[in-house]
Amino acid sequence: MDTRYYWDFAIMFVHHLATIALITFSYVNNMVRVGTLVMCLHDASDFLLEAAKMANYAKCQRLCDLLFVMFALLFISTRLGLYPIWILNTTLFESWEIVGPYPSWWIFNLLLLLLQVLHSFWSYLIIRITCRAIAKGKVSKDDRSDIETSSDEDDSTPSVSKSGHNSTTNGTNGYLSGGVYSEEH
């Protein structure tokens, strides 16, 4: 087993355990507002990453690059800017002054700090991908995924027959065979 996949799995596993525990502890500690803010802050940039992936799958490289840069800027500003200044400051210092520490308060804040460490690591990875994209001129394939394809893998154009039609179609253009079809279609 490749160590990249192991570490990616381990980090995502820790992330999901921390997320479930944070949702639980935000309810138990009567800090539902904090839990809701954390979820909203995290959802703010996620749709841009998914849109960039879709643009990459659709072979729209410029759109993919634009969406990824927008994602990177929003991710870093919300998770390395707003999250520690707004949420961690409130839960670590302001709540200490208001209610004081209690056992589940410590667990809740340790989980929030763990999430900040993960944000820092992911921001490093995003910056690294962005630097590679600037150097190459496009966002490269995600090394962690062996199933997903990217525009790096299929830069060749399909062969065109004498009639000007794609002779190697596999049903993607509505035709089930690679044979010549009439001009009426």
Side-chain angles (χ1 to χ4, degrees), residues 1-57 63-135 139-145 147-148 150:
M1 180 177 210
D2 191 7
T3 58
R4 277 187 313 219
Y5 299 109
Y6 171 76
W7 283 109
D8 187 49
F9 172 78
I11 290 169
M12 288 305 290
F13 187 72
V14 167
H15 162 71
H16 285 99
L17 284 179
T19 302
I20 292 168
L22 279 169
I23 292 169
T24 304
F25 277 100
S26 71
Y27 181 75
V28 169
N29 286 338
N30 199 22
M31 292 188 168
V32 176
R33 290 180 184 172
V34 174
T36 304
L37 287 173
V38 170
M39 286 192 282
C40 289
L41 197 67
H42 283 75
D43 288 343
S45 63
D46 290 349
F47 76 96
L48 289 170
L49 180 62
E50 299 306 321
K53 286 180 182 180
M54 288 190 297
N56 191 31
Y57 299 151
L63 179 61
C64 174
D65 293 345
L66 175 69
L67 289 169
F68 186 79
V69 168
M70 290 170 56
F71 161 75
L73 292 173
L74 191 57
F75 182 94
I76 291 169
S77 64
T78 56
R79 298 185 190 193
L80 295 183
L82 288 177
Y83 179 77
I85 292 170
W86 190 19
I87 295 180
L88 285 180
N89 182 46
T90 301
T91 60
L92 287 172
F93 303 112
E94 292 177 13
S95 70
W96 178 287
E97 293 173 4
I98 295 169
V99 294
Y102 46 93
S104 61
W105 180 92
W106 288 101
I107 296 170
F108 184 67
N109 281 297
L110 284 174
L111 290 169
L112 288 172
L113 289 170
L114 172 65
L115 197 57
Q116 183 60 36
V117 169
L118 291 172
H119 291 164
S120 300
F121 175 70
W122 288 327
S123 295
Y124 161 74
L125 293 178
I126 290 169
I127 291 168
R128 192 174 77 177
I129 291 170
T130 305
C131 290
R132 285 182 184 171
I134 291 169
V139 176
S140 63
K141 177 179 167 274
D142 187 356
D143 294 333
R144 298 172 298 143
S145 176
I147 298 171
E148 297 174 357
S150 92

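What you see is a predicted model, and the numbers here were worked out from it, not measured in a lab. Reckoned from all heavy atoms, side chains included, excluding hydrogens, waters and symmetry mates.
Side-chain contact between Leu115 and Val38 is present, with heavy atoms from C-beta onward closer than 4.5 Å.
Here the OG-CG distance, from Ser104 to Asn109, works out to 10.0 Å after rounding to the nearest 0.5 Å. From Leu114, atom CG reaches atom CG of Leu17 across 9.5 Å, with rounding to the nearest 0.5 Å. Note that CD1 of Ile126 is 12.0 Å distant from SG of Cys131, once rounded to the nearest 0.5 Å. Taking CE of Met54 as the start and SG of Cys64 as the end, the distance is 11.0 Å to the nearest 0.5 Å. In this structure, CG in Leu92 is found 5.0 Å from CG in Leu113, a value given to the nearest 0.5 Å. Separation of atoms OG (Ser45) and CD (Glu50) is listed at 10.5 Å; rounding is to 0.5 Å.
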Result block: side-chain N/O donor-acceptor pairs under 3.5 angstrom for residues 68-85, not counting sequence neighbours:
{"residue": "Ser77", "atom": "OG", "partner": "Leu73", "partner atom": "O", "Å": "2.9"}
{"residue": "Ser77", "atom": "OG", "partner": "Leu74", "partner atom": "O", "Å": "3.1"}
{"residue": "Thr78", "atom": "OG1", "partner": "Leu74", "partner atom": "O", "Å": "2.7"}
{"residue": "Thr78", "atom": "OG1", "partner": "Phe75", "partner atom": "O", "Å": "3.3"}
{"residue": "Arg79", "atom": "NH2", "partner": "His42", "partner atom": "O", "Å": "2.7"}
{"residue": "Arg79", "atom": "NH2", "partner": "Asp46", "partner atom": "OD1", "Å": "3.0"}
{"residue": "Tyr83", "atom": "OH", "partner": "Leu112", "partner atom": "O", "Å": "2.9"}

List, one per line, each side-chain donor-acceptor pair under 3.5 Å for residues 93-102, sequence neighbours excluded.
{"residue": "Ser95", "atom": "OG", "partner": "Thr91", "partner atom": "O", "Å": "2.4"}
{"residue": "Ser95", "atom": "OG", "partner": "Trp105", "partner atom": "NE1", "Å": "2.8"}

Output a table of donor-acceptor pairs, distance under 3.5 Å, between side-chain atoms of residues 18-27 and any protein atom two or more places apart or on a different chain; print 'none' if there are none.
{"residue": "Thr19", "atom": "OG1", "partner": "His15", "partner atom": "O", "Å": "2.7"}
{"residue": "Thr24", "atom": "OG1", "partner": "Ile20", "partner atom": "O", "Å": "2.9"}
{"residue": "Ser26", "atom": "OG", "partner": "Leu22", "partner atom": "O", "Å": "3.3"}
{"residue": "Ser26", "atom": "OG", "partner": "Ile23", "partner atom": "O", "Å": "2.9"}

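The aromatic rings of Trp122 and His119 are tilted relative to each other, their planes meeting at an angle between 30° and 60°.
At most 12 non-hydrogen atoms from other residues, nucleotides or ligands lie less than 6.0 angstrom from CG of Asn30.
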